[in-house]
Every structure is written in C-alpha cells, then in structure tokens.
Amino acid sequence: MRIPFPTLSSFAGLLLLAAMVAVPNFYLQERRPQFLAPAVPQGEIAAAQARMLPQALWIDARSFADYNQGHMPGALLLNEDNWDESLPQVLQQWKPGVPVIVYCSSVSCEASHEIAKRLMAGSVKPVFVLHGGWEALQKEAP
Amino acid sequence: MKMAGEGLRLVLGLLFLWAGVVKMKDPYGFQEHLLAYQLLPFALTGVVALFLPALEALLGLALILRRWEIESLWWILVLTGGFAFGLGSAWIRGLNIECGCFGAADLSGTYAWWLFRDLALFAAAWLRLRQLGDSPVRHKTRLVNGA
C-alpha cells in the first residue's frame with residue numbers, strides 16, 4: 001500500500017489560497033467574527049463575549065424591582081434576599097458544563113460577585129460575572 | 001474500484017464545498033459554535049471562524065475539479081481529525097453543544113452521530129488516498145510506503 005504525500009509548498013499553498021478567499025469574505029458579511037475580547041478582570045466576562053455563548057445560563061442578581069423593569073431574556077432572578085427560594089429553580093435549569101453568567105447593575109456593583117462565589121461554593125461551574133453588569137448589556141444590545 | 005474512488009472524491013468534494021459555503025455566509029454564527037466547545041482562546045475562534053470555512057470550500061472545489069487532489073485529501077484528514085478531537089473533548093466534558101459542522105443546518109444530532117459522520121469522512125479521504133497511491137498515474141508527490 002503506497003500513500004501519496006503532498007509537498008509542503010503545495011499543502012501550505014491551499015491555506016494561502018483560502019486566506020485570499022477568507023479576507024474579502026470578512027468584508028462582505030454583516031455578521032463578522034470578532035478577534036479582540038475586551039480586557040476584563042479574571043473571573044469576569046465582557047458583554048460582547050457573553051452574548052456569543054449559545055448555551056449560557058443567565059442570573060440576574062439585582063433587586064426584584066430592577067429585574068421587573070427589564071432583564072436579559074431568560075435570566076433567572078437570584079439575589080441574597082431570595083437565595084433559598086430561587087436556588088432550586090436555578091439548579092434545575094443548569095446542566096454541568098453550561099457556563100453561568102451573573103450580572104447586577106453596573107461595574108461598581110458587588111452583588112454579582114457574591115452570588116457567583118456562592119454558586120461556585122455549591123459546585124456550579126463555570127461561573128462568570130458580567131463585566132459592567134446590566135449597563136454593559138444595554139450598551140451591547142443588538 | 002476506480003468508480004468507487006471517483007464517487008468518494010465527488011461526495012467528499014460536494015460535502016466540503018457545501019459545509020464551507022454555508023459557514024462562510026455566517027462566520028459570526030460559526031464563531032459562536034466554536035466558543036461553545038470552550039477549547040480555543042477567544043481571538044483564535046475568530047481566526048478559525050474566518051479561515052476554516054474558506055479552506056473547506058476550497059478543498060471541496062479542488063476535489064470536484066480534480067485539482068490538488070492529494071493536498072486536499074490530506075487537509076481533509078487534518079480537519080476531520082481535529083473535528084473528532086474537538087467533539088470527543090466536548091463529549092467527555094459533558095458539554096451541551098450543537099456541532100455547527102454544517103452551519104445552521106446542523107443543529108440537531110448526538111455526539112455519537114457527529115463523531116461517526118466525522119470518522120466516516122476521515123475514512124473516505126484515507127481510502128481515496130490509498131487508491132491514488134496504488135494507481136499507475138504519476139503524481140508530483142512523494143510516495144510513502146504504508147504499513
């Protein structure tokens with residue numbers, strides 16, 4: 001049995017040709033891939049990157065009143081006040097390996113960090129805090 | 001035997017051309033699927049989402065037109081091997097993902113089916129390479145004796 005093996009130049013040449021097709025295609029498409037994730041602290045995730053996770057479970061750590069005024073579609077309300085009554089629903093919806101994204105109102109809000117810590121202590125992983133919170137989500141809204 | 005080989009070439013060519021074109025129309029959507037695998041850094045998913053579909057389409061076209069056939073088949077081996085690694089890794093980690101291998105038309109299925117399909121493509125490319133190696137036609141390649 002003999003296996004034909006290409007030369008390195010021809011093998012790499014196809015990659016170069018593909019690049020010549022890919023670059024113009026980048027400018028032709030409306031929905032373009034992104035290359036730079038904004039710099040965020042460890043354990044946090046930028047809104048643009050978070051929106052691109054198709055299977056994430058969103059947790060709103062704000063007050064009931066803020067949640068009612070508007071929240072990420074599908075987000076579950078889980079804060080320090082309703083932790084005991086809302087946690088079972090969160091655990092029911094979460095599947096191992098699905099990233100959890102917790103947000104509160106803005107970059108200065110600490111509630112999301114507290115909720116994230118409590119979730120991770122209960123073996124829910126991975127958990128990210130949304131950098132910039134609800135404010136960042138509204139700025140990034142499509 | 002020769003007809004079977006030509007059939008493999010055409011099927012591989014059409015599949016990869018289709019897969020590439022579908023993903024080229026929505027590179028952002030493909031990047032979303034890549035991110036779900038949680039294997040590559042964010043920036044690299046963007047690069048892969050941009051270049052990989054174009055490469056797939058080019059490989060498909062090359063096979064259909066019988067140009068650079070050996071190079072294309074080796075690229076298919078590399079790509080299907082990489083896809084199998086990614087799928088297997090996601091399966092072991094229990095991730096709930098959509099394959100995304102054929103873009104939006106490939107959202108339902110199971111890991112077992114996706115892996116089977118991927119390994120079938122790998123096997124098809126390998127069989128075609130073997131056939132080309134055994135054929136009397138001379139290629140501008142190096143021939144390596146297989147086991």
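The figures here come from the full heavy-atom set of this structure, side chains too, leaving out hydrogens, waters and symmetry mates. Below, read A as the first sequence line, B as the second, and so on, with proteins coming before strands; counting in each chain starts at 1.
A cation-pi contact, defined as under 6.0 Å to the ring centre and within 45° of the axis, links R32(A) to F26(A).
Of all heavy-atom pairs between P4(A) and I70(B), the closest is CB-CD1, 3.6 Å. Annotation for A49(B) and L34(B): closest pair N-CD1, 3.9 Å, computed over non-hydrogen atoms.
In this structure, the portions of L17(A) lying under 4.5 Å from any heavy atom of chain B include both its backbone and its side chain. Of the two parts of Q131(B), neither the backbone nor the side chain holds a non-hydrogen atom closer than 4.5 Å to a non-hydrogen atom of chain A. Proximity to chain A is limited to the side chain of L59(B), based on heavy atoms less than 4.5 angstrom apart. When heavy atoms are compared at a cutoff of 4.5 Å, L58(B) approaches chain A solely by way of its side chain, counted from C-beta outward. Neither the backbone nor the side chain of V48(B) comes within contact range of chain A; no heavy atoms are under 4.5 Å apart.
Ranked by heavy-atom pairs under 4.5 Å with chain B, the list L53(A), N25(A), V21(A) is led by N25(A). Note on L52(B), V47(B), L73(B): by heavy-atom pairs under 4.5 Å with chain A, the leading option is V47(B).
Ion pairing between K25(B) and E30(A) fails under the 4.0 Å rule for side-chain N and carboxylate O. At a threshold of 4.0 Å, the pair K117(A)-E110(A) does not count as salt-bridged, since none of the basic side-chain nitrogens sits closer than that to a carboxylate oxygen.
Aromatic ring pairs are classed by plane angle as parallel below 30°, tilted from 30° to 60° and perpendicular above 60°; the pair W134(A) and Y103(A) is parallel.
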